[in-house]
S.K.: 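This is the structure I have questions about; it appears just below.
Atom set for the values below is all heavy atoms of this structure, side chains included, hydrogens, waters and symmetry mates excluded.
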Amino acid sequence: MSLKTAGAVLTRTLWARGSGTPPVARSSRVNGLSSTCSGGEQQGREKTEAQSRGSDGPNGDGPPAGEPPHRCPSRDKKRPKEPAGAPGVSGVRRRSYTSTAAPADLRSYFWTRYNDTKRLVHDLIPPGACNLLNSSTIYANNEVDLSEVDIYGFDYDYTLALYSNALNALIYNTARNFLIEHFKYPEGIRKYDYLPNFAVRGLHYDIQKVNTFQLQHVPYSLMFHVLRGLSPVPDEHVLELFGGTYHIPLQQDSGFYGKGPKVKQFMDIFSIPEMTLLAVANDFFITNDIEYDPVHLFKDVSVSEAIGMVHLKGYMYKWIMQDLDKFILRGEETEAVLHRLVSHGKKLFLITNSPFSFVDKGMTHMVGKDWRDFFDVVIVQADKPHFFTDCIKPFRRLDGNGDLRWEKIKSLDKGQIYKQGNLFDFLRLTGWRGSKVLYFGDHLYSDLADLMLRHGWRTAAIVPELEQETRVVSTSRYSLNLTWLQALTGLMERLQTYRDPESKQILQEWQKEREELRVMTKNMFNPQFGSIFRTCHNPTYFSRRLCRFSDVYMASLSCLLNYDLSYIFYPRRTPLQHEAPLWMDQLCTGCMKTPFLEEMSHIR
């Protein structure tokens, strides 16, 4: 039994014991899982559970008196009429009614319901229930038919080339030392080593209040997991800092590209060491009670100064080119993807902000010295996202030595290297428009947003964090904690109508346990900020942007090797709050064994 199936059974059982109307049962024709009737088994199980409780609860627990033995509907053409005088009925089909009478011993009743529910959770989740989850799956936000895609476009960094975590430590150390030596920041900051598991992508940073936090994106934005420096901020202090609310006003939000006037969102994987450096610098000043200007600190650390220096002065490019084997991961998979697409007659292009010398070195390492033969168009130093929005900069061609040529560009030719330019000229010169183009990138704003919203291209997001998140979700500990958290929440929702002091005390105990479970599940992803996709029960701001700006998303480009190039990706139908989770695709999508996985056996 899968975890989804276990959840469905648990939901129906809890509803049967509660005061609500149970969800409509699936017929054997709908689910197609079994042609035998399970009603008798279910009735027997309910009878056993009723006996274990000793007496009926306030909501009509246990089968009503006078109920006939179970009869399989497949053997009877019609359900026999209830005899006249049956409880609540007179000569017609009987309905069961809930009781409003309170149990004699509320404490025993509450804890019996608690223990029964907890036992159900343990019984319904078999060992390894989530082992079917596969990090090589491609997940769909919108329906995408690969047979309609003729042109594939790519970013370079963290798309064609994946980098090891060792790169983040080098970026952090170099920027920290630059902060101390160039801007004369206190030497004490040097004692802070890089914290590889501190930050996650998608966090927001309040420039003036120096808080780093995960933002939950509902109809309005709510803060969760707020840290000041390296220390968590208590809830009461958060309310004090933000005027008695966890809500971030729209005018203070991070803006469309994550760069608001007061709040910035860190969407780039390269920004993880930047977030860590901001946190440790703030922590140094706060813990040592040193007065400083947080706006100056943000500007000195940000991409225009210490962190930006690592990129603008070419330090990062030099490190990677000096030790390609150390920093570039899974290059052979990139070669396999490109070879497969070209062999099926697809056109390929590259648009990257990185310089040609750096891209050439990396692609030669991964694919070979003839890597340009795979691409119909190659554009470097494109200055995204402005490349997609401005129509000012013209294309310039680079010669074999990487020097700029002066000729006017009238066509984009295979085998040539172009610099800068803009998307409007690109569309005019290539004619590649609309849904026949699929572009891959890791940055939701710089790579994907404008292409989807303004130009109608299909977009694919590369999210390397999916591998770690899938490993966590696949553990039995996470499955058990999450299922029990949901079951306990449902139990509290149904029993909250009891207002006596003893019932309130028990509900408070359960609320405390619920909060502990939420912390436990959060810490399994990241102790400071939790999952990049979810805060408690709602998606994060990052997750909402991922759904809005990408048609599909995956852990790495190599996930394409798992699918035929005529494959159709279908989004999972997620039930709304007022809908019952009855659809079979909830049991299948994303959990089935990925097709064509054998093709990857010779690569990994």
S.K.: Check for a donor-acceptor pair, side chain of Arg514 on one end and backbone N or O of Leu485 on the other, with a separation under 3.5 Å.
M.R.: no
S.K.: Under 4.5 Å between any side-chain heavy atoms of Lys393 and Asp425, yes or no?
M.R.: no
S.K.: Taking the side chain from Ser231 and the backbone from Arg228, do they hold a donor-acceptor pair closer than 3.5 Å?
M.R.: no
S.K.: Spell out, as yes or no, whether a donor-acceptor pair under 3.5 Å connects the side chain of Thr334 to the backbone of Leu160.
M.R.: yes
S.K.: Has Asn401 got a side-chain atom pairing as donor or acceptor with Asp403's backbone, closer than 3.5 angstrom?
M.R.: no
S.K.: Taking all atoms of both residues into account, what is the closest heavy-atom pair of Thr276 and Ala199, and its distance?
M.R.: OG1-CB, 4.2 Å
S.K.: Testing the 3.5 Å rule here: is there a donor-acceptor pair between the side chains of Asn173 and Tyr194?
M.R.: no
S.K.: Distance only, no hydrogens: is a donor on one side chain within 3.5 Å (strictly under) of an acceptor on the other, for Asn141 and Ser550?
M.R.: yes
S.K.: Is a side-chain donor or acceptor of Arg372 paired with a backbone partner of Val378 at a separation under 3.5 angstrom?
M.R.: no
S.K.: Is a side-chain donor or acceptor of Thr540 paired with a backbone partner of Ile532 at a separation under 3.5 angstrom?
M.R.: yes
S.K.: Is there a side-chain contact between Tyr317 and Ser354 in this structure, where contact means two heavy atoms from C-beta onward sitting under 4.5 Å apart?
M.R.: yes
S.K.: Mind telling me whether Phe375 and Trp371 have parallel, tilted or perpendicular rings, with 30° and 60° as the class edges?
M.R.: perpendicular
S.K.: Pairs under 3.5 angstrom only: tabulate donor-acceptor contacts from the side chains of residues 456-466 to other protein residues two or more places apart or in another chain.
M.R.:
residue	atom	partner	partner atom	Å
Arg458	NE	Asp551	OD2	3.2
Arg458	NH2	Glu143	O	2.8
Arg458	NH2	Asp551	OD1	3.4
Thr459	OG1	Phe549	O	2.8
Thr459	OG1	Asp551	N	3.3
Glu465	OE1	Arg201	NH2	3.0
Glu465	OE2	Arg201	NE	2.9

S.K.: Under 3.5 Å, side chain of Gln214 to main-chain N/O of Ser531, donor-acceptor pair present?
M.R.: yes
S.K.: For Tyr315, does the OH atom sit with more than 12 other heavy atoms under 6.0 Å from it, leaving out its own atoms?
M.R.: no
S.K.: With a 6.0 Å cut-off on ring centres, are Phe529 and Phe198 close enough?
M.R.: yes
S.K.: For the backbone of Val472 and the side chain of Thr475, can you confirm whether one donor and one acceptor N or O come within less than 3.5 Å of each other?
M.R.: yes
S.K.: Indicate whether any N or O donor in one side chain lies under 3.5 Å from an N or O acceptor in the other, for Tyr292 and Asn282.
M.R.: yes
